[in-house]
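Notes follow once the structure below has been shown.
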Amino acid sequence: MPTPATPARPASPPTPPKPTWDPRQPVVRPFPWLRPTIRIRLTLLYGGMFLMAGVLLLTIIYLLAADALRQGNDLPFKILSAQVAFTSDTCPDLTGTRESGAFMQGLEQCMQHQRAMALDSLLKRSLLALLGLAVIAFAFGYAMAGRVLSPLGKMTRTARRVAGTDLSRRIELGGPDDELKELSDTFDEMLDRLERAFTAQQRFVANASHELRTPLAINRTLLEVHLSDPGASPELQQLGKTLLATNERSEQLVEGLLLLARSDNEIVDRKPVDLAEVASQALDQARAEAQAKGVELRGTREPAVVQGNGVLLERIALNLVQNAVRYNTPDGWVEVTTRSLPGQALLVVENTGPIVPAYELDNIFEPFRRLRTERTGSDKGVGLGLSIVRSVARAHGGRITAEPREGGGLIMRVVLPT
């Protein structure tokens with residue numbers, strides 16, 4: 001009897017395209033000093049209005065002067081004699097003896113020439129004066145616009161510090177009780193409410209986590225004591241191991257919540273930390289798990305020193321490496337590289353694995369979120385690893401990005417300021 005043909009395996013779906021734009025990254029302008037700020041626009045507005053007024057005033061003065069010179073240049077006399085002898089340094093063409101008609105014509109041309117020269121001189125000097133006044137007007141307008149907009153600059157600097165998770169900053173704008181002070185006071189009130197809400201949330205998470213530690217520790221001790229009893233039945237031993245694994249998972253969840261609540265704050269006590277050393281320690285801790293799954297650990301780690309907390313930075317590397325090992329394929333690999341860039345340090349963790357759609361990448365940084373699953377249903381972690389990585393990176397003033405890799409897997413990049 002012939003052997004039935006094995007049905008062909010369906011082809012793997014094509015690799016989704018890489019995202020070409022990350023909306024979380026700030027837009028880098030080629031010429032930041034050409035940015036049309038309000039100060040520049042006010043300066044151009046005030047300077048332009050002064051320049052237009054100056055041009056209009058200069059035009060009126062020029063027309064009035066031209067009309068006055070035209071009326072003042074009319075000759076109040078007429079020579080009737082046959083011949084006139086005349087000498088002049090201003091009008092050399094009139095020097096000598098001429099007929100009265102020719103003399104009067106030459107005298108009129110000379111007066112028109114003198115009038116044109118006077119108007120040209122007036123126009124040139126007026127334009128030079130207008131140019132000088134325009135420069136002074138633009139400089140004065142720029143200084144006055146900066147003085148008027150200085151409260152907005154203070155608000156912007158405070159908002160940037162608040163964006164760095166420093167909610168204790170306040171504007172506390174002084175001066176007259178105008179619209180800008182009202183806006184500043186409203187912003188300070190909003191910050192007060194945000195700080196109270198944020199502090200209450202962190203305190204709740206920390207207190208809840210601390211309260212859960214004690215019963216979990218007691219449960220672990222009791223389970224270990226029962227498992228050490230040689231007279232326990234195999235069914236009881238298996239139940240104890242299952243409960244111990246569940247208890248360990250709960251402890252990991254509590255520790256993750258504590259670390260997540262602590263890493264949301266800005267790092268104040270900073271020390272030099274080499275990302276290459278941190279990555280090497282993370283690889284050493286994950287090596288046993290990688291060998292058990294047949295995953296190769298590789299990569300080159302160049303020195304990249306940043307200012308931060310060594311324990312939290314090691315948690316970044318360890319979480320990324322553990323995720324890369326756990327969400328991998330048999331006989332896959334994980335490549336960890338570090339290098340130093342101008343003004344920043346880079347940690348890259350790249351791994352093989354299943355194909356990840358680009359539209360699902362944002363979900364992996366949310367707490368208790370996984371690819372195609374939202375909460376339980378996976379024994380690979382508690383769903384806080386990448387959330388902790390993002391919080392720690394933000395606390396250090398950095399960022400983390402993820403993009404799908406060709407052929408499956410992910411490329412995780414952590415950028416930290418040096």
Throw together a table of side-chain donor-acceptor distances under 3.5 angstrom for residues 339-357, partners on residues two or more places apart or in other chains.
unit_1	atom_1	unit_2	atom_2	d
E350	OE2	R405	NE	3.2
N351	ND2	Y327	O	3.4
T352	OG1	N328	OD1	2.6
T352	OG1	W333	N	3.1

query: Atom CG in L133, atom CZ in F138: separation rounded to 0.5 Å?
result: 12.0 Å

message: For the CZ atom on F140, are there more than 12 heavy atoms of other groups (residues, nucleotides or ligands in this structure) within a distance under 6.0 Å?
response: no

message: If the condition is side-chain hydrogen bond (donor to acceptor under 3.5 Å, both in side chains), which residues does E302 pass it with, not counting sequence neighbours?
response: none

Partner residues of E277 under the salt bridge (charged side-chain N to carboxylate O under 4.0 Å, His left out) criterion, sequence neighbours left out: none

- prompt: Any side-chain heavy atom of M412 sitting closer than 4.5 Å to one from L386?
  reply: yes

statement: dist N319:CG -> E314:CD (nearest 0.5 Å) comes out at 10.5 Å

Contacts of type side-chain contact (heavy atoms from CB on, under 4.5 Å), residue L127, not counting sequence neighbours: L58, L123

task: Might you point out which heavy atoms bring L130 and V55 nearest each other, and give the distance in Å?
output: CD2-CG2, 3.8 Å

- request: State the CG-CG distance between L236 and L243, to the nearest 0.5 angstrom.
  value: 9.0 Å

message: Could you check whether any side-chain heavy atom of Q307 comes within less than 4.5 Å of a side-chain heavy atom of P272, counting everything from C-beta outward?
response: yes

- request: Could you grab the distance from atom OG1 of T186 to atom CG of L191, nearest 0.5 Å is fine?
  value: 11.0 Å

query: Given side chains that start at C-beta, do those of L410 and N323 come closer than 4.5 Å, heavy atoms only?
result: no

- prompt: Is any side-chain heavy atom of E235 less than 4.5 Å from a side-chain heavy atom of L239?
  reply: no

query: Which pairs with one or both residues in residues 280-290 pass salt bridge (Lys or Arg N to Asp or Glu O under 4.0 Å), sequence neighbours excluded?
result: D284-R287, E289-R326

For M190, side-chain contact (heavy atoms from CB on, under 4.5 Å) partners two or more places apart: F187, L194

message: Could you work out, with side-chain contact (heavy atoms from CB on, under 4.5 Å) as the rule, every residue matching E224, not counting sequence neighbours?
response: R220, L244

- line: Smallest heavy-atom separation, L416 atom then G398 atom, equals CD2-CA, 4.0 Å

field: L63: partners by side-chain contact (heavy atoms from CB on, under 4.5 Å), with sequence neighbours left out
entry: T59

message: I316 vs I388, test: side-chain contact (heavy atoms from CB on, under 4.5 Å). Steps then yes/no.
response: CA-CA 7 Å; I316 286 182; I388 294 174; over 6 Å; no

- line: Minimal heavy-atom distance between D274 and A304, with the atoms involved, is OD1-N, 2.9 Å

task: With sequence neighbours left out, write down each residue that passes side-chain hydrogen bond (donor to acceptor under 3.5 Å, both in side chains) with S280, or none if nothing qualifies.
output: R301

Distance-minimising heavy-atom pair for L312 and N309: N-OD1, 3.0 Å

statement: Residue pairs meeting side chain to side chain donor-acceptor pair (under 3.5 Å), one or both in residues 116-132, sequence neighbours left out, come to none

field: Results of side-chain hydrogen bond (donor to acceptor under 3.5 Å, both in side chains) for N219 - residues two or more places apart only
entry: none

query: With a 4.5 Å heavy-atom cut-off, do V306 and H396 have their side chains touching?
result: no

- prompt: Which pair of heavy atoms, one from A358 and one from P404, lies closest together, and at what distance?
  reply: CB-CG, 4.3 Å

- line: Heavy-atom closest pair (L297 atom, L283 atom, distance to 0.1 Å) is CD1-O, 3.8 Å

query: Could you give all pairs that pass the side chain to side chain donor-acceptor pair (under 3.5 Å) test and reach residues 409-418, with sequence neighbours left out?
result: E403-R413

query: What's the spacing between L227 CG and Q238 CD if we round to 0.5 Å?
result: 10.0 Å

query: What's the spacing between N247 CG and T242 OG1 if we round to 0.5 Å?
result: 12.5 Å

